[in-house]
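Indexing begins at 1, ligand by ligand and atom by atom, following the structure's order.
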Amino acid sequence: MAVSTVYTTQSLNSTCSISTPAKTHLGFHQKQVVFYRRTSKKGSSSGSGSGSGSGSCVITCSAGDSQTVVIGLAADSGCGKSTFMRRLTSVFGGAAEPPKGGNPDSNTLISDMTTVICLDDYHSLDRTGRKEKGVTALDPRANDFDLMYEQVKAIKNGVAVDKPIYNHVTGLLDPPELIKPPKILVIEGLHPMFDERVRDLLDFSIYLDISNEVKFAWKIQRDMAERGHSLESIKASIEARKPDFDAYIDPQKKYADAVIEVLPTQLIPDDNEGKVLRVRLIMKEGVKNFSPVYLFDEGSTISWIPCGRKLTCSYPGIKFHYAPDSYFGNEVSILEMDGQFDRLDELIYVESHLSNISTKFYGEVTQQMLKHADFPGSNNGTGLFQTIVGLKIRDLYEQITSSKTAAPLEATKA
Ligand SMILES: Nc1ncnc2c1ncn2[C@@H]1O[C@H](COP(=O)(O)OP(=O)(O)OP(=O)(O)O)[C@@H](O)[C@H]1O
Ligand SMILES: O=C(CO)[C@H](O)[C@H](O)COP(=O)(O)O
């Protein structure tokens with residue numbers, strides 16, 4: 001008996017038509033073919049999921065002007081992902097808010113240009129399930145990578161999806177929420193670069209690499225001061241996660257296009273307070289639509305102490321370093337800042353010595369930093385580099401979309 005396949009899509013702002021193309025252009029996400037849900041129907045000619053067979057019946061959706069650029073942000077819990085996201089969405093303008101009228105415990109944040117989804121929503125085991133099976137949330141067995149891949153791919157292709165919600169309050173999996181394709185989709189969480197298929201969907205990837213000492217200091221600050229946890233329980237939770245963190249989360253940094261590494265300062269001998277930080281921005285060379293930032297002279301090795309007449313520094317001062325290097329066998333540029341700013345308005349002096357920062361006007365980095373002076377890390381390299389990476393992502397987005405607007409003609413010719 002012949003079985004036909006009906007594809008239903010929920011493409012935002014898109015027009016869909018059924019066609020029988022000689023050649024389907026999957027994987028090109030501007031005006032393309034998308035499949036999401038599939039139901040089988042008895043009785044007519046055969047359909048194909050891939051759309052590549054001759055005579056395949058497919059639904060072609062044109063996503064209008066929208067093209068979703070996908071950014072991956074990986075880090076352990078409590079390592080500054082939310083703070084980074086707030087800086088990033090601010091660069092694009094507009095406030096990021098949970099879906100209106102939706103689940104109050106949704107992890108999603110939506111702004112005019114960006115939608116940030118938290119990959120915890122792809123936990124396949126809820127809190128009780130993980131406990132019963134004796135696995136942590138960091139373990140791939142507690143996560144549904146097939147669904148993650150299918151849904152990120154669908155969104156990238158301009159199709160809305162019903163994404164599950166992991167409820168951090170109850171520890172349960174809640175009914176799904178509708179995610180419409182945004183201009184920029186950020187997938188943040190523990191595993192954005194773990195699964196090769198998901199990794200291949202990313203237009204740019206970032207890893208926040210927080211050293212154990214600093215992670216501990218931040219956890220204490222948040223979980224003790226704000227959530228009433230004891231010092232022992234914080235230590236125990238970090239220790240319990242460590243083996244899986246080392247096995248499944250940390251290795252993703254080798255795939256990242258940019259890594260923000262946060263270490264204790266080297267300016268204070270034997271510092272154990274973790275307040276003054278040494279932050280390194282590790283930028284892969286040769287990444288499409290991304291050119292690394294540099295200090296003074298591209299490709300040189302530079303050490304710079306900006307403190308003096310133009311930059312006020314109290315103890316222990318500020319030190320910058322910039323050099324080419326290699327990271328997991330890849331050629332990279334590393335920009336480092338150790339120390340903290342006393343006066344954020346004077347940051348303009350540092351900004352004026354950095355190049356390739358993708359600003360739209362002189363002083364934009366300083367303006368962004370001043371705007372969010374109350375965010376954690378605004379007086380040090382974490383805030384500075386997160387802001388710069390945000391600007392680089394805006395630039396990457398603009399490059400991708402401008403090249404894609406020119407692409408359909410090419411695609412038709414092919
Ligand atoms: N750059 C920073 N400098 C100092 N402290 C920071 C910085 N970034 C984050 N923190 C501290 O870490 C805490 C967690 O930050 P944030 O909520 O951004 O992390 P997260 O990765 O989104 O956490 P989670 O995944 O647990 O929600 C903050 O409350 C703050 O105390
Ligand atoms: O590592 C995490 C990512 O944020 C959480 O620990 C994970 O999602 C499990 O959540 P819960 O604390 O609700 O058990």
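- The single protein non-hydrogen atom nearest to atom 1 (O) of ligand 2 is Arg241 NH2, 2.6 Å, given as residue, atom name and distance.
- Heavy atoms of Leu190 found under 4.0 angstrom from ligand 2 belong exclusively to the side chain.
- At a heavy-atom distance under 4.0 Å, atoms from both the backbone and the side chain of Lys81 approach ligand 1.
- Ligand 1 lies within reach of Gly78, whose nearest heavy atom is under 4.0 Å from it.
- If you check each of Glu188, Lys131, His123 against atom 8 (O) of ligand 2, the one with the closest non-hydrogen atom is His123.
- We find the CD1-NE2 distance between Ile305 and His321 to be 11.5 Å, quoted to the nearest 0.5 Å.
- Heavy atoms of other residues, nucleotides or ligands lying less than 6.0 angstrom from CD of Glu331 number 12 at most.
- The protein atom (non-hydrogen) at minimum distance from atom 11 (P) of ligand 2 is Tyr166 OH, 3.5 Å.
- Summary of contacts: the protein heavy atom closest to atom 9 (C) of ligand 2 is Arg130 NH2, 3.3 Å.
- Close approach of ligand 2 to Arg127 is summarised as follows: ligand atoms under 4.0 Å from at least one heavy atom of the residue are 11 (P), 13 (O), 14 (O).
- For the pair Lys392 and Phe290, the cation sits on the ring face: its NZ or CZ lies under 6.0 Å from the ring centre, inside 45° of the axis.
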**Message:** Does Arg197 form a salt bridge (charged side-chain N to carboxylate O under 4.0 Å, His left out) with Asp146? I'd like the steps, not just the answer.
**Reply:** CA-CA 9 Å; Arg197 297 165 303 169; Asp146 290 342; 2.9 Å; yes
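- Using a 4.5 Å heavy-atom threshold, the side chains of Val350 and Trp304 count as touching.
- Heavy-atom contacts of Ala137 reach the following atoms of ligand 2: 7 (C), 9 (C) (cutoff under 4.0 Å).
- The aromatic rings of His191 and Phe194 lie perpendicular to each other, with more than 60° between the two planes, well past the 30° mark.
- With hydrogens left out, the protein atom closest to atom 22 (O) of ligand 1 is Ser82 OG, 2.4 Å, a heavy atom.
- When only non-hydrogen protein atoms are considered, atom 4 (O) of ligand 2 lies nearest to Asp120 OD2, 2.8 Å.
- Distance check: Leu190 CG to Arg241 CZ gives 6.0 Å after rounding to the nearest 0.5 Å.
- Of the heavy atoms in Thr382, only side-chain atoms (C-beta onward) come closer than 4.0 Å to ligand 1.
- Between Ser77 and ligand 2, not a single N/O pair is under 3.5 Å apart.
- For the side chain to side chain contact (heavy atoms under 4.5 Å, CB included) with Pro98, the qualifying choice from Asn107, Leu109, Asn103 is Leu109, the only one to do so.
- When only interatomic distances are considered, the shortest N/O to N/O separation between Asn380 and ligand 1 does not fall below 3.5 Å.
- For Arg222, a nitrogen or oxygen atom sits less than 3.5 Å from a nitrogen or oxygen atom of ligand 1, counting backbone and side chain alike.
- Side-chain contact between His123 and Arg130 is present, with heavy atoms from C-beta onward closer than 4.5 Å.
- Glu261 CD to Ile210 CD1: the interatomic distance, rounded to the nearest 0.5 Å, is 9.5 Å.
- Evaluated by nearest non-hydrogen atom to atom 7 (C) of ligand 1, the leading choice among Phe385, Trp218, Phe84 is Trp218.
- Checked against Lys215 for a salt bridge (Lys or Arg N to Asp or Glu O under 4.0 Å), the options Asp76, Asp209, Asp250 give a single hit: Asp76.
- Remark: ligand 1 atoms within the under-4.0 Å shell around heavy atoms of Gln221 are 31 (O).
- Here the side chains of Pro192 and Gln252 are in contact, with some heavy-atom distance below 4.5 Å.
- Among all non-hydrogen protein atoms, the one lying nearest atom 18 (O) of ligand 1 is Thr83 OG1, 2.6 Å.
- The atoms of ligand 1 that sit less than 4.0 Å from any heavy atom of Gly377 are 1 (N), 2 (C), 3 (N).
- Below 4.0 Å from some heavy atom of Cys79 lie the following atoms of ligand 1, by number and element: 19 (O), 20 (P), 21 (O).
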